Amino acid sequence: MLTLFEGEKIVSQSNDKSVTLTTHRILYKTAVWGNTYNQNIALEHITSCENKHISYVLIIFLAIGSILFRFSNG
């Protein structure tokens, strides 16, 4: 159960409710092997945010191509 500070409101939540954005902080809750973890970051401490996505599609195609080449010559 999420306990909000006085004057704090929920702005957005992920579908599984593991990440919550409020007017005061960002909350992250997860459970692994019966252990629960809670992380809170106050918005006043955030100066910038970056999302980075790495895709290895080219490497996957090269690997598939080399496997197919190996079996066609073998």
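Atoms considered below: every heavy atom in the structure, side chains included; atoms not considered: hydrogens, waters and symmetry mates. These numbers were taken from a predicted model, which means no experiment stands behind them.
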note = Here the gap from Thr22 atom OG1 to Gln13 atom CD, rounded to the nearest 0.5 Å, amounts to 10.0 Å
message = If I take atom CD1 from residue Ile59 and atom CD1 from residue Ile64, how far apart are they, to the nearest 0.5 angstrom?
response = 12.0 Å
inquiry  = Whether Glu44 and Arg25 form a salt bridge (side-chain N of Lys/Arg under 4.0 Å from carboxylate O of Asp/Glu) is what I want to check.
reply    = no
query = Would a 4.5 Å heavy-atom cut-off, applied to side chains only, mark Leu21 and Ile10 as touching?
reply =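 Answer no - side chains too far apart.
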inquiry  = Side chains of Leu43 and Ile26, heavy atoms from C-beta outward: is any pair under 4.5 Å?
reply    =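 They are in contact (side-chain heavy atoms under 4.5 Å apart), so the answer is yes.
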message = Is it the case that atom CD in Glu8 sees more than 12 heavy atoms from other parts of the structure closer than 6.0 Å?
response =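 Yes, enclosed.
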query = If two hydrophobic side chains count as joined below 4.5 Å and joins carry through other members, does Ile60 share a cluster with Leu68?
reply =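 In one cluster with Ile60: Leu68, yes.
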ask   = Considering all heavy atoms of both residues, which atom of Lys17 and which atom of Lys29 are nearest to each other, and what is their separation?
value = O-CE, 4.2 Å
task = Linking directly or through intermediates, with side-chain heavy atoms under 4.5 Å: list the remaining ILVMFWY members grouped with Phe61, chain and number order.
result = Val57
task = Determine yes or no for a side-chain-to-main-chain donor-acceptor pair under 3.5 angstrom, with Thr23 supplying the side chain and Lys9 the backbone.
result =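 Yes; at least one donor-acceptor contact below 3.5 Å.
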key: For Asp16, side chain to side chain donor-acceptor pair (under 3.5 Å) partners two or more places apart   =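 Partners of Asp16 by the side chain to side chain donor-acceptor pair (under 3.5 Å) criterion, ordered by chain and then number, come out as Ser14, Ser18.
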